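These notes concern the structure reproduced below.
Order of the sequence lines fixes the chain letters, A, B, ..., with proteins taken first and strands second; residue numbering starts at 1 for each chain. None of the values given here were measured: they were computed from a predicted structure. As a basis for the values below, the full set of heavy atoms in this structure was taken, side chains included, without hydrogen atoms, waters or symmetry mates.
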Amino acid sequence: MEMEFIPIDYDYFDYEGRNYVKVYGRNKEYKKICIIDSCPIYLWAILKDGVTEKLTKELVKEIETIKLDTKGRKTKVEKVEIHEKNFLGKKVKALKIFATNHKDLQDVASQIDSPLVDKRRGYDLNYVTTYIIEKKLYPLTWYKIFGELLHNSNEFGGMDQILNVDFVIKLNRKKIEKKQENFVPKTLAYDLETDSLKPENGEILMFSLVGKNYKKVVSWKKSKTDNKNVVFVENEKELLKKFVELVKEYSPDFLIGYNSDHFDLPFLKERAKKNKIKLPLGIDNSDPKISRGKTLAGKISGITHIDLIKFIRTAYAQYMQSETLSLNEVSKEFLNDAKKDFKIKHSSKIEEKSWKNYYEYNLHDSVLTLKLFEKFWPDLLEFTKIIKEPTFEISRNGLSKQIESYLLHNLEKYNEIPEKRPTNNEIGFRQNSGGVEGAFVYEPKPGLYKELVMFDFTSMHTSIIISYNISKGTLTTNKKNSYESPEIEKDGIKKKYYFAKEPGFFPLLLKEIFEKRKQYKKEYKKNPNVITKARSNAFKVLSASAHGYIGFYGARYYSLESSSAILAFVRQFNKETIEKIEKKKHKVIYGDTDSVAFTRNESSKKEIKKLLKKLNDDLPGVMHLELEDFFKRGLWVTTRSGKIGAKKKYALISENDIIKIRGFETVRRDWCPLARKTQDKILRLILIEGNEKKALEYVKEIINKIKTREIKKEELMIKSQLKKPIAEYKAISPTVVAAKKMKEKGIPVNVGSPIEYYIAEYNGKSKLVRDKIKLPDEKNKYNIEYYLEKQMLPSVENIFQVFNINIKEITEGKKQEKLGKWF
DNA sequence: AACTCCAGCCACTT
DNA sequence: TGCAAGTGGCTGGAGTT
């Protein structure tokens, strides 16, 4: 039979010792389809140089005899082929060794220990990845498929009878559909409310499900409500059964939660266990699987379970204003909507009349989650299509994994054998090999400047990699016909690295990404919509992560030499650009990595653009310097020590009155809102009006309010985050103390949890800040001295210093030295 | 007890 | 394990006077 088909979720199973893939998806009538298929399973043995044909043939014969009988499986080498391949850009002769079961490839590889074999590769890819590479059945792409309908068939042990889908098809062949129609997936968001954050301590009170024209809250805590979407069951056990029943009935492609890998799905699973029932959510009636690891991932067979927080974290967090990734803040930023007001309490303490609000609250969380999914769906779709991994992985992978997947799915064009993942030993070695010298930061000259210009390099690291053909594979000792890096000093030894001019697959692939980035950016500008934006953004993210990937210890194509060469070029180009601009008699104020800011000294904008063009004419390859903007004013301050200009800290106002504040306390979460807002205000007064006097008056006013206790406590909360488990801290900082306090009160504290506290008055002798910490709900008077000395003054002091105003003297009175001065 | 110095830490910028 | 290095500036603790 033939049918249209769009692959969504990939899974695999073993049948009679062989591997098969189940690909779940839809046809155009929205019927749920599962395709069963398989692909060749093999690894590569790269032969040493100059192995004769005779020896090769003998080796092939030897390898063909390999048989394994481990882990209850019988695997053997089924055939061996001889191929001309590339490995890291070099031509090699390699044996393609086909085996019975993918899970045994590693063991087969370790059986091949002939001295003729240089390296063994390609045994460490996921089976699903291998399948997609081999069969080119790409996720979220429309196909016409041809195959055999399995209906009450005995094939694969009667698989088709277990699967809750409309059609099970054994795939024969497929072709890509010319017209790639938009696919709107069937989505369902869910959220739980529980009596505890730990499944061992509390029951699930209710859950909500929200899909298109579908809203439901199910609870066993019966109370009056007008909301017709709320239904009741008898107890938690029935609630769990209802969850499974409703999800199955709805049959979503994507089941979406927020933080659900860590909370909702494991909670459901644990409570099912407690109630001694199964949770057969899978299309094959299997229970969800929570994979262990540093980060949990909840997988449901046949339904793509998405934990949105993860995708937002990797793909979006860097561009976001929100200070945490809580559902509430993220919804505010992206949806202009927020969670419903409801103070969560233990169910025993919830008043009868409040339950209806709790139901609403629960429902709205799923509404927000679904809306966020819809917001990010274009991005998930484009990332999936570009990288060619299932959305399940795409939504959870970090940046390095994304770029690596892109590489693996594109190696074939270059006839490349994939490099292996580093072993734990190699990772350890890489981590201990020390860092490389990073970029150059120009020490700014503190002051308020007028008529500024900023230039910056477009995708600097990436364009350097492309222009100088830098990568693990192109690194060479041959100085002829090579690009030479600037001199690099490490451990007192000076050296240069060389990279062959013959283009390598890594820089070429990166060039492809780089050019697509440009192309889709143009397309987006010409035709702005969510899809063109998402496509442009996906290539931007991939392009920007390339250098980080090369220097990442877990990368297959890690190269310390490449990374240090790239950064040496970065320093060189920045310094050269600064010199060239100075030669034109402009005063350079600041520069960091890929940017230069200077005053234009009455030069016209036209002249500046001419200068830019001239600078660009001298640049090699795809390197490009662009005009970031013209700025009316810009402010740089000294460091706290007061002598030198502070790097990574400045404020600018463009000619269109757009204010850009970098590094100042204003943008730092670990300063209290009062200090941040006051600093922001005075920066604005200075930038917009150039009026430091008005700014001074404003600060005096605030200082008075602090002294007279007119400041609201919310304005004084200091936020921070735990970056590791409490026990691992060597230093007992205020954050750690606050976290411990929270824990004592039964508030769960995990890595990444936001910690919030304020500094209170204290009668004891201690001078330590940590002894004065109060949590937001602990009543006390705020510590006037602390907020003046450690928050307010430090945040504005250096700004006024630029105008030769000593704020400390003004507010304290010149001669007072002791702290009594404030009263 | 009061000081200096810096490790440890977090949140930034690029 | 899950992209990099450079920077500012706080806090607490060790060491010194």
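- What separates CD of E728(A) from C1' of dC10(B) is a distance of 16 Å, to the nearest Å.
- The separation between D124(A) atom CG and dG2(C) atom P is 19 Å, rounded to whole Å.
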- Apply ring pair (Phe, Tyr, Trp, His ring centres under 6.0 Å) to the pair F440(A) and F573(A), showing each step before the final yes or no. CA-CA 10 Å; F440(A) 166 72; F573(A) 277 111; over 10 Å; no
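- Backbone-only engagement by G438(A) is indicated by non-hydrogen atom pairs under 4.0 Å involving sugar-phosphate atoms exclusively.
- Over its full length, the helix from dA1(B)-dT17(C) to dT14(B)-dA4(C) turns its helical axis through 10°, comparing axes from the five pairs at each end and rounding to 10°.
- The side chain of R770(A) places an N or O atom within less than 4.0 Å of a non-bridging phosphate oxygen (OP1 or OP2) of dG13(C).
- Going from atom CZ of R430(A) over to atom C1' of dA5(C) covers 18 Å, rounded to whole Å.
- Side-chain N/O atoms of R669(A) include none lying less than 4.0 angstrom from OP1 or OP2 on dC10(B).
- With rounding to whole Å, K772(A) atom NZ is found 9 Å from dG12(C) atom P.
- Comparing dT7(C), dC10(B), dG8(C) by their nearest atom to the side chain of K649(A) picks out dG8(C).
- Between E797(A) atom CD and dG9(C) atom P there is a gap of 11 Å when expressed in whole angstrom units.
- The pair E419(A)-R121(A) meets the salt-bridge criterion, with a side-chain N (NZ, NE, NH1 or NH2) lying under 4.0 Å from an Asp/Glu carboxylate O.
- Using a 4.0 Å cut-off, no side-chain N or O of K767(A) falls inside it from OP1 or OP2 of dG12(C).
- Counting non-hydrogen atoms under 4.0 angstrom, V436(A) reaches the backbone sugars and phosphates but no base.
- Between L510(A) atom CG and dC3(C) atom P there is a gap of 17 Å when expressed in whole angstrom units.
- Within the structure, every side-chain polar atom (N or O) of S733(A) is placed at least 4.0 Å from both OP1 and OP2 of dC10(C).
- Between R662(A) atom CZ and dG9(C) atom C1' there is a gap of 20 Å when expressed in whole angstrom units.
- Taking the six-membered ring for Trp and the full ring otherwise, the centers of F383(A) and F376(A) sit at least 6.0 Å from each other.
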- Task: Check step by step if side-chain hydrogen bond (donor to acceptor under 3.5 Å, both in side chains) holds for S322(A) and E333(A).
- Result: CA-CA 7 Å; S322(A) 306; E333(A) 179 162 348; 2.5 Å; yes
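- The side chain of P794(A) lies closest to dC10(C) when the candidates are dC10(C), dA5(C), dG8(C).
- For Y258(A) and F263(A), the distance between ring centers is not under 6.0 angstrom.
- Taking the ring axis of Y729(A) as reference, the NZ or CZ atom of K724(A) stays within 45° of it and closer than 6.0 Å to the ring centre.
- Just one residue in the list E404(A), K401(A), R556(A) forms a side-chain hydrogen bond (donor to acceptor under 3.5 Å, both in side chains) with Y549(A), and that residue is E404(A).
- I403(A) comes within 4.0 angstrom of nothing in the nucleic acid, heavy atoms only.
- Contact annotation: Y549(A) does not reach the phosphate of dT1(C) (side-chain N/O to OP1 or OP2, under 4.0 Å).
- Checking dG12(C), dG6(C), dC10(C) against the side-chain heavy atoms of E437(A) singles out dG6(C) as nearest.
- Candidate nucleotides dT14(B), dG8(C), dG2(C) were compared by shortest atom distance to the side chain of Y650(A), and dT14(B) ranks first.
- Between S400(A) and dC3(C) there is a side-chain N or O to OP1 or OP2 distance below 4.0 Å.
- Take the nearest nucleotide of DNA chain C for F440(A) and for G554(A): the residue whose nucleotide is more 5' is G554(A).
- Nearest to the side-chain atoms of D592(A) among the listed nucleotides dT14(B), dA4(C), dG13(C) stands dT14(B).
- Distances shorter than 4.0 Å separate some side-chain N or O of Y786(A) from OP1 or OP2 on dT11(C).
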- Test side-chain contact (heavy atoms from CB on, under 4.5 Å) applied to R770(A) and S733(A), step by step: CA-CA 7 Å; R770(A) 65 170 180 228; S733(A) 65; over 6 Å; no
- Task: Run the numbers on F506(A) and K472(A) for side-chain contact (heavy atoms from CB on, under 4.5 Å), then give the verdict.
- Result: CA-CA 8 Å; F506(A) 189 101; K472(A) 181 175 182 171; over 6 Å; no
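- At a cut-off of 3.5 angstrom, the base of dA11(B) holds at least one donor-acceptor pair with the side chain of R668(A).
- Counting non-hydrogen atoms under 4.0 angstrom, L399(A) reaches a base of the nucleic acid.
- Ion pair E715(A)/K677(A) flagged as a salt bridge, since at least one NZ, NE, NH1 or NH2 atom sits closer than 4.0 Å to an Asp/Glu carboxylate oxygen.
- For Y650(A) and Y590(A), the ring centers are positioned less than 6.0 Å apart.
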Identify the pairs formed between an N or O of the protein and an N or O of nucleotides 6-8 of chain B at a distance under 3.5 Å, and give each distance.
| unit_1 | atom_1 | unit_2 | atom_2 | d |
| --- | --- | --- | --- | --- |
| dG8(B) | OP1 | K730(A) | NZ | 3.3 |

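- Looking at heavy-atom distances under 4.0 Å, Q721(A) makes contact with sugar-phosphate atoms alone, never a base.
- Remark: D629(A) does not engage K660(A) in a salt bridge, criterion side-chain N to carboxylate O under 4.0 Å.
- Figure legend: cation-pi geometry between K647(A) and Y442(A) absent, as NZ or CZ is not positioned both under 6.0 Å from the six-membered ring centre and within 45° of its axis.
- Taking atom CG of residue D680(A) and atom P of nucleotide dC12(B), one finds them 14 Å apart after rounding to whole Å.
- Here the nucleotide nearest the side chain of R640(A), chosen from dC10(C), dG8(C), dG12(C), is dC10(C).
- The residue among Y553(A) and H547(A) whose nearest nucleotide of DNA chain C lies closer to the 5′ end is Y553(A).
- For K647(A) against dT7(C), a side-chain-to-base donor-acceptor contact under 3.5 Å is absent.
- Aromatic pair Y553(A)/Y558(A): centroids not less than 6.0 angstrom apart.
- Residues of residues 555-579 of chain A that place a heavy atom closer than 4.0 Å to DNA chain C do not occur.
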